[in-house]
Enquirer: 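Supplied in C-alpha cells, the structure appears directly below.
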Amino acid sequence: MFELTSLKIPLVGVTESAARACAPYIGSGKKDEGDGMAVDAMRSALNQIEMTGTIVIGEGAKDEAPMLYDGEAVGIGQGPQIDIAVDPIEGTNLFATDAPGSICTLAAAPAGTMYRPGACFYMDKQVYPRSARGRLDPQAPVPDRLKALADAVNKDLGDLKVFILDKPRHEQLVGEIYAVGAKVRLVSDGDVNGAVMAILNKGVDALFGIGGTPEGIVSACAARAMGAEMFGRMAPQKPDEVEACEAAGVDTHTWLGRDELIASNDILFLASGLTRGDYVNGVVMGRDANGHFITTDTVVIAGANGNVRSIRTTVHE
C-alpha cells in the first residue's frame, strides 16, 4: 500500500530548492523578487517527482501567480495521485526584512483529501496543541476558549500566549485576550509559522485570527499530522470576495473541523527555514575549504506515523 512517506526525501528537496533559490534576497527588501525565485525553484523540483500531483491551493488568484496556481498539474504525470498545498515564501515581509519566522512550506496528502476553498482567499483560524483536542468549542467566546485551553495545557490564564497577525482587523480580538490576563505574540505575517509553533508547543499555546486560506490548509495538515486541534471558517475580506464566495455557495459562518480541512492521516508537512525561527533554523550561506556553501534546515512532520524529523543539508556551489 502506498504511503506518502515514500515521497518524503523528494519533497524535502522541493522546499530546500526553494529556500536556496531565494536565500540571496533575505533581508534585501525585495520580497517579490525572492518570491519569484522560490516559486520557480519549487515548481521545477515538483515536476521532477514521480507522482501525479495537483496544486489544490497555492499562489492562486489571490497573488495573480502564473505558476503554482490552484489546479496546476505537477510531477512527471506517473505514480500516486497527490493533493499539494504550497506557500513558497510564507512570511514575505519577514523574509524581506530578515525578521524571524519566514519559511518555505509545503503539505501533501492523497488526492481528494484537501479542502478546496475556491474563491475564498482568507480564513479565520484557531489552532491548539494536542492536549486541547476535543476540549474546545470554536464558537465559544474568547474568554471561555482561553479558560478551556488553560485547563488543557495545565497553565494559568496569565501564562497563556496566543499568536496573532498584527492587523487592524484583530484589534478587538487582541483586547479580549488582554482582558482575561493572557498574552499575545503579534507578528506582521507568517501564520503557518504561528500555527506550527502552537502545534509543537514552541513559544505559544494557540493561534487565533484571520489569515490566508493557503496557509490555513497547510496548517491543518500539520495539525492533523501531530494529532493537534484546528478549526477554520472562510472569512472574505473584500466585497468582490464576499460575492464570489456567495456565488460559489461557500458557508462563511460555520467552523470546519480539522478533519474536514484535511481528510487523511497520510500527510506530509514540510517547512524549510528562511530566517531564524523557533522550531527550524534559517538559511546559512558562507565559504569553507570546499568553496561557497548554503545550508538549509527543514522540519518534516509525517502523519502516517506522527514522526517529527529535522533534516539539515549543505550544498556546495
Side-chain angles (χ1 to χ4, degrees), residues 100-101 115 120 122-213 215-237 251-262 265 269 277-279 301 303 306 308:
Y115 179 78
C120 289
Y122 290 92
M123 179 188 290
D124 197 358
K125 309 163 196 175
Q126 299 177 36
V127 182
Y128 305 99
R130 180 195 296 263
S131 59
R133 174 77 176 153
R135 299 181 63 174
L136 292 104
D137 178 358
Q139 301 185 77
V142 169
D144 293 345
R145 277 189 268 142
L146 290 174
K147 290 173 185 176
L149 177 61
D151 289 341
V153 299
N154 196 28
K155 288 185 177 182
D156 294 331
L157 269 172
D159 294 328
L160 291 180
K161 185 176 290 186
V162 182
F163 186 106
I164 297 177
L165 293 180
D166 189 6
K167 308 292 183 183
R169 60 181 176 258
H170 293 145
E171 288 181 4
Q172 180 178 340
L173 174 61
V174 170
E176 291 182 78
I177 294 171
Y178 286 153
V180 300
K183 299 177 177 64
V184 173
R185 179 166 177 171
L186 286 171
V187 180
S188 65
D189 55 342
D191 64 350
V192 172
N193 182 59
V196 177
M197 288 172 64
I199 290 163
L200 297 180
N201 298 298
K202 296 291 185 179
V204 300
D205 302 288
L207 174 142
F208 290 169
I210 297 169
T213 301
E215 293 84 349
I217 303 302
V218 173
S219 297
C221 289
R224 181 154 183 172
M226 286 301 297
E229 184 68 285
M230 178 171 174
F231 303 99
R233 64 179 175 186
M234 300 305 106
Q237 297 298 293
D251 183 351
T252 59
H253 302 287
T254 301
W255 287 97
L256 300 173
R258 182 199 72 185
D259 295 353
E260 294 172 283
L261 296 170
I262 174 67
N265 286 322
F269 167 86
D278 291 83
Y279 60 89
I301 305 176
V308 181

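Throughout, residue positions are numbered sequentially from 1 according to the sequence presented.
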Enquirer: Look up atom OG1 in T254 and atom CD in Q139, then write down how far apart they are to the nearest 0.5 Å.
Expert: 7.5 Å
Enquirer: Can you tell me how far OG of S219 sits from CD1 of I262, rounded to the nearest 0.5 angstrom?
Expert: 12.5 Å
Enquirer: Do R224 side-chain atoms and G303 backbone N/O form a donor-acceptor pair below 3.5 Å?
Expert: no
Enquirer: Hey, are the side chains of L160 and V153 touching, using non-hydrogen atoms and a 4.5 Å cut-off?
Expert: yes
Enquirer: Would you check if the side chain of R145 reaches a backbone N or O of A140 as a donor-acceptor pair within less than 3.5 Å?
Expert: yes
Enquirer: Just so I know, are the side chains of I164 and I177 near enough to count as touching, which here means a heavy-atom distance under 4.5 Å?
Expert: yes
Enquirer: Is there a side-chain contact between F269 and V196, using heavy atoms and a 4.5 Å cut-off?
Expert: yes
Enquirer: Taking the side chain as every heavy atom from C-beta outward, state whether Y115 and E260 have any pair of such atoms under 4.5 Å apart.
Expert: no
Enquirer: Check G212 against D191 and note the closest heavy-atom contact, atom names and distance.
Expert: N-OD2, 4.3 Å
Enquirer: With a 4.5 Å cut-off on side-chain heavy atoms, are V162 and L146 touching?
Expert: yes
Enquirer: Does the ring of Y128 carry R135 above it, NZ/CZ under 6.0 angstrom from centre and within 45° of its axis?
Expert: no
Enquirer: Is the backbone N or O of G134 less than 3.5 Å from a side-chain atom of E229, with the two atoms forming a donor-acceptor pair by type?
Expert: yes
Enquirer: A225 and I301: which non-hydrogen atoms are nearest, and at how many Å?
Expert: CB-CG2, 3.5 Å
Enquirer: Can you tell me how far CG of L256 sits from CE of M234, rounded to the nearest 0.5 angstrom?
Expert: 5.5 Å
Enquirer: When rounded to the nearest 0.5 angstrom, what is the spacing between OH in Y178 and CG in L173?
Expert: 10.5 Å
Enquirer: Do M123 and I217 have side chains that get closer than 4.5 Å, going by heavy atoms?
Expert: yes
Enquirer: For a quick test of reading the model, state the closest non-hydrogen atom pair linking R169 to L165 and the distance between them.
Expert: NH2-CD1, 4.3 Å
Enquirer: Rounded to the nearest 0.5 Å, how far apart are OG of S131 and CG of D151?
Expert: 10.5 Å
Enquirer: Measuring from atom SG of C221 to atom CE of M230, what distance do you get when rounded to the nearest 0.5 angstrom?
Expert: 9.5 Å
Enquirer: If we only count heavy atoms from C-beta on, is the L186 to H170 side-chain gap below 4.5 Å?
Expert: no
Enquirer: For residues A198 and L207, report the shortest heavy-atom separation together with the two atoms involved.
Expert: CB-N, 4.2 Å
Enquirer: Checking the side chain of T213 only, and the main-chain atoms of Y122 only, is there a donor and an acceptor separated by less than 3.5 Å?
Expert: yes
Enquirer: Do K167 and I210 come close enough that some side-chain heavy atom pair is under 4.5 Å?
Expert: no
Enquirer: Under the salt bridge (Lys or Arg N to Asp or Glu O under 4.0 Å) test, which residues partner D189, sequence neighbours left out?
Expert: none
Enquirer: Using the side chain to side chain contact (heavy atoms under 4.5 Å, CB included) rule, take D144 and D137 through it: C-alpha gap first, then chi angles, then the decisive distance, then the call.
Expert: CA-CA 9 Å; D144 293 345; D137 178 358; over 6 Å; no
Enquirer: Sequence neighbours left out, what passes side chain to side chain donor-acceptor pair (under 3.5 Å) with D278? Give chain and number order.
Expert: R185
Enquirer: Is the side chain of K183 donor-acceptor paired with the backbone N or O of G158 at a distance under 3.5 Å, no angle test?
Expert: yes
Enquirer: Provide the closest heavy-atom pair for A132 versus A152 in the form atom of the first, atom of the second, distance.
Expert: CA-CB, 3.8 Å
